[in-house]
Amino acid sequence: MGIQFDSKNKIFHLQAKDTSYIMEIVRDGYLVHNYWGRKINQYRHSNRLQLLDRGFSGNPYQHKEDRTFSLDTLPQEYPQYGNTDFRKPAYQIQLENGSTVTDLRYHSHTIIKGKIPLEGLPATYVESDDEAETLEITMEDSLIGLKVILSYTVFEQFNVITRTVRFLNEGAQSLKLLSALSVCVDFRDADFDFLHLHGAHVKERHIERTPLRHGIQSVESTRGASSHQHNPFIALLRKGTTEDSGEVYAFNFVYSGNFLAQAEVDQFSNTRVTMGINPFDFSWKLESGEIFQTPEVVMVYSSEGLGEMSRTFHELYRTRLARGTYRDQERPILVNNWEATYFDFNAEKILEIAKAGSELGIELFVLDDGWFGKRDDDKLSLGDWFVDCKKLPEGLDDLALKVKDMGVEFGLWFEPEMISVDSDLYREHPDWCLHVPGRSRSESRNQLILDFSREDVCHEIIKQVSDILASVPISYVKWDMNRHMTEIGSTSMPADRQRETAHRYMLGLYKVMETITTSFPHVLFESCSGGGGRFDPGILYYMPQTWTSDNTDAVSRLKIQYGTSMVYPIVSMGSHVSAVPNHQVHRSTSMEMRGDVAMSGNLGYELDLTKLSDEEKEIVKKQVADYKEIRSLIQFGDFYRLQSPFEGNETAWLFSNKDKSEAKVFYFRALAEPAAPLTVLRLKGVDLGKQYQVAGTDQVYGGDELTYVGLSIPVEIKGDFQSYVWHLKEI
Ligand code: DGJ
């Protein structure tokens, strides 16, 4: 592991676990990308850069006979536009004279142990300096006094390189960043598939894989949130790459707002990947002496397919992105009253559900939307975080204590970033929402968005939320966010900074989250945005789990959870058993299947437990007891995808612990099929040399047999919406 600089040949060689990443300074200071992939010991230019005089690819040097050198054909680390490269640049700056041409050249570099934290932004971290090394390359445009610092961190234990960029205006004039992406990788071919996660509300993170083609393929958000529609994740896969083999180059943006992720295949079939804050509707004024820091991109390389890529993300995010008391702690099994009561509850009803939960072994009760202001529906009271004494006459404190007396912890829902027009806060501060003066304020779910780019707004919300957390025995918070941004503008900023609003909002949000989560370290925070609309690494830095989707239907959840598992750790995925017919898709599935799907994540219940039949109660009691037994395996084990719901009627996955002495296999079949083939499920993630007993039976199989031969899917599984589990223990 480490970072070497060969000063003679001007080559940087970065090594993370089994990965090499190589760059070179050429001519008078251009920084060129040479290689990213499996680790090599020494790089001696076997893929030496070959230059050709290409038609219509201009040459940056004046009066030169050399027509072969063009930025248009050069694989670069942080390319610019305007001086012979016609592909999309990594950044663009407007000067006071209106011009947008800049010219960066290598200036200097430093190599340090460890990783530098990003001020005000979420990022992966190290616990000791031995875990990583960081290279900072300073590029300079000497004409205008601009320094751009490219920062690369390599991890000793992971095939991970993280990147960020810092802009430093050391010149006399002010600069306007029109685009400031966090990463660019110029691959020297285009022999890839493009994989990304798209979706919608109640249908998040569906996997799509298409061959790269000439031109641009991109995913983005302009919604002011990372969004349900596209996750800030893309991967390039070598042709033929599968779950278990082949090369994957993955990019994930540690940010929760507008993003752009794109792959551009140029005229010579090179591929440029860029990722960062979406330049659309963005700009940032950099006065003399000011700095702009881009968010981080995590780049994962896997030579063993998508499965290994996911396990790398999972382990990194579980241990070096998530923080706080709960990072390494088993998470409580909860019951949430949302789908049980919606807004229609009182203290008696809540206590009945909590009581039923305590009898079933549930550990945490979560009071969802509707406990504050006059919130009897979704039209009012956001911003007034005071208890509704009509619904809860004895107050929140009394309710929480009564729940705790049952042996169940108490959790509470907030939507701190929002404001209802019908609220005391809005009546007092009508200018505190994002808006453009004179324009109408579009509502979504009957609400507006508080202007978190303003310090006074952030301060008020920190105060209101903190007052509740400090006065009520709360051990869990669900932090919701239920609309996207429109009329993005802030009264707190001058005209030439209005396009900074969306990013300043994110900086404000991160500050609020940092303050609240660190002030209440005993509270477990779960983020939510109409389900999984902000399931991104930015939020996971503050809140170690996310409500995966508002869709709780077990069949829909197979795809949603499978897709989410591409990047995000299982422990971060909130997944609940809900009532049937399901409230989102009106499908009825068995309690067993709903349990098995929800137990494949961070288990909870979201239905009126008081209405369960005795038989259902027994099933739930057993699910809760079983989950407690396997909880650490599920939440902290290794995850292996066995069969994809995107490819057929069956889904299967497996969890195994680190020493492979235990595994839990889940198999799901959505629909019964006539004349169905008799199938066998081959396992992964078990030790080939170990012997395993199937719990509850006298069957013993070797890990090799389970891997190469597989387990028969029992013919006893009959009908639609079925699931089956095997628990394997080493003997
Ligand atoms: C959207 C969330 O995703 C739901 O779980 C619930 O908390 C509602 N908001 C409450 O308004």
Side-chain angles (χ1 to χ4, degrees), residues 199-205 223 225-229 256 334-345 349-350 353 364-385 388 391 410-423 443-450 465 468 474 476-484 524-536 539 543 545-554 556-557 560-561 564 568 572-579 582-585 594 598 601-608:
H201 178 227
V202 302
K203 191 188 164 202
E204 295 88 345
R205 288 169 297 284
R223 295 170 168 268
S226 50
S227 89
H228 308 79
Q229 287 71 15
S256 314
L334 64 82
V335 56
N336 176 307
N337 73 305
W338 179 241
E339 287 198 15
T341 65
Y342 295 103
F343 294 103
D344 185 17
F345 61 83
K349 183 70 210 171
I350 293 306
I353 298 176
L364 167 69
F365 173 83
V366 180
L367 179 57
D368 210 281
D369 196 353
W371 59 267
F372 54 94
K374 301 186 183 106
R375 183 95 168 155
D376 287 334
D377 57 41
D378 62 16
K379 294 191 184 59
L380 70 175
S381 290
L382 292 168
D384 297 344
W385 299 105
D388 178 352
K391 275 186 194 154
F410 185 74
L412 196 62
W413 179 96
F414 287 92
E415 195 176 359
E417 298 158 66
M418 297 293 150
I419 184 162
S420 308
V421 170
D422 189 351
S423 67
E443 294 187 18
S444 179
R445 208 197 186 206
N446 305 304
Q447 60 201 51
L448 299 171
I449 304 183
L450 280 168
V465 173
I468 299 269
I474 288 169
Y476 165 105
V477 162
K478 178 174 172 187
W479 182 296
D480 207 348
M481 193 281 273
N482 283 306
R483 63 158 291 181
H484 290 148
L524 170 61
F525 286 84
E526 175 159 343
S527 75
C528 172
S529 174
R534 231 172 26 186
F535 207 137
D536 60 61
I539 298 286
M543 309 194 168
Q545 53 192 66
T546 298
W547 177 224
T548 312
S549 176
D550 273 351
N551 188 340
T552 52
D553 165 55
S556 313
R557 273 296 185 121
I560 294 169
Q561 292 178 200
T564 305
Y568 304 105
S572 66
M573 280 189 224
S575 49
H576 300 173
V577 173
S578 62
N582 173 266
H583 293 193
Q584 293 78 40
V585 299
R594 279 176 276 154
N602 205 322
L603 176 66
Y605 290 80
E606 189 158 336
L607 72 178
D608 190 344

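Start at 1 and go down the list; that is how both ligands and their atoms are numbered.
- Checking only distances, S529 never comes within under 3.5 Å of ligand 1, N or O to N or O.
- When non-hydrogen atoms are compared, ligand 1 lies under 4.0 Å from the side chain of N482 (C-beta onward) but not from its backbone.
- For ligand 1, the atoms lying closer than 4.0 Å to a non-hydrogen atom of D369 are 10 (C), 11 (O).
- Between the side chains of R205 and T564, a donor-acceptor pair is found at a separation under 3.5 Å.
- For ligand 1, none of its N or O atoms has an N or O atom of W338 under 3.5 Å away.
- When the options N551, D550, D378, V366 are ranked by their closest heavy atom to atom 3 (O) of ligand 1, first place goes to D550.
- Of all atoms in ligand 1, listed by their number and element, those nearer than 4.0 Å to a heavy atom of C528 are 2 (C), 3 (O).
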TODO: May I have the step-by-step check of side-chain contact (heavy atoms from CB on, under 4.5 Å) for F535 and S572, ending in yes or no?
DONE: CA-CA 9 Å; F535 207 137; S572 66; 3.6 Å; yes
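- At least one heavy atom of K478 sits under 4.0 Å from some atom of ligand 1.
- Ring pair W371/F343: centre-to-centre distance not below 6.0 Å.
- Atom 9 (N) of ligand 1 has its closest protein heavy atom at D480 OD2, 2.7 Å.
- Residue W547 has at least one heavy-atom neighbour below 4.0 Å for each of these atoms of ligand 1: 3 (O), 5 (O).
- The N/O atoms of F343, backbone and side chain alike, include none that comes under 3.5 Å of an N/O atom in ligand 1.
- Of all protein heavy atoms, the one closest to atom 6 (C) of ligand 1 is D368 OD1, 3.4 Å.
- Classification of the W385-F372 ring pair by plane angle, with boundaries at 30° and 60°, yields tilted.
- The residues D422 and K379 are annotated as not salt-bridged, no charged nitrogen and carboxylate oxygen being separated by less than 4.0 angstrom.
- When only modelled atom types and interatomic distance are considered, Q584 and T552 share a side-chain donor-acceptor pair under 3.5 Å.
- Look at D384 and K374 and you find no salt bridge, because none of the NZ, NE, NH1 or NH2 atoms lies under 4.0 Å from a carboxylate O.
- Residue contacts with ligand 1 include R445, since one of its heavy atoms falls under 4.0 Å from the ligand.
- Remark: D388 does not engage R375 in a salt bridge, criterion side-chain N to carboxylate O under 4.0 Å.
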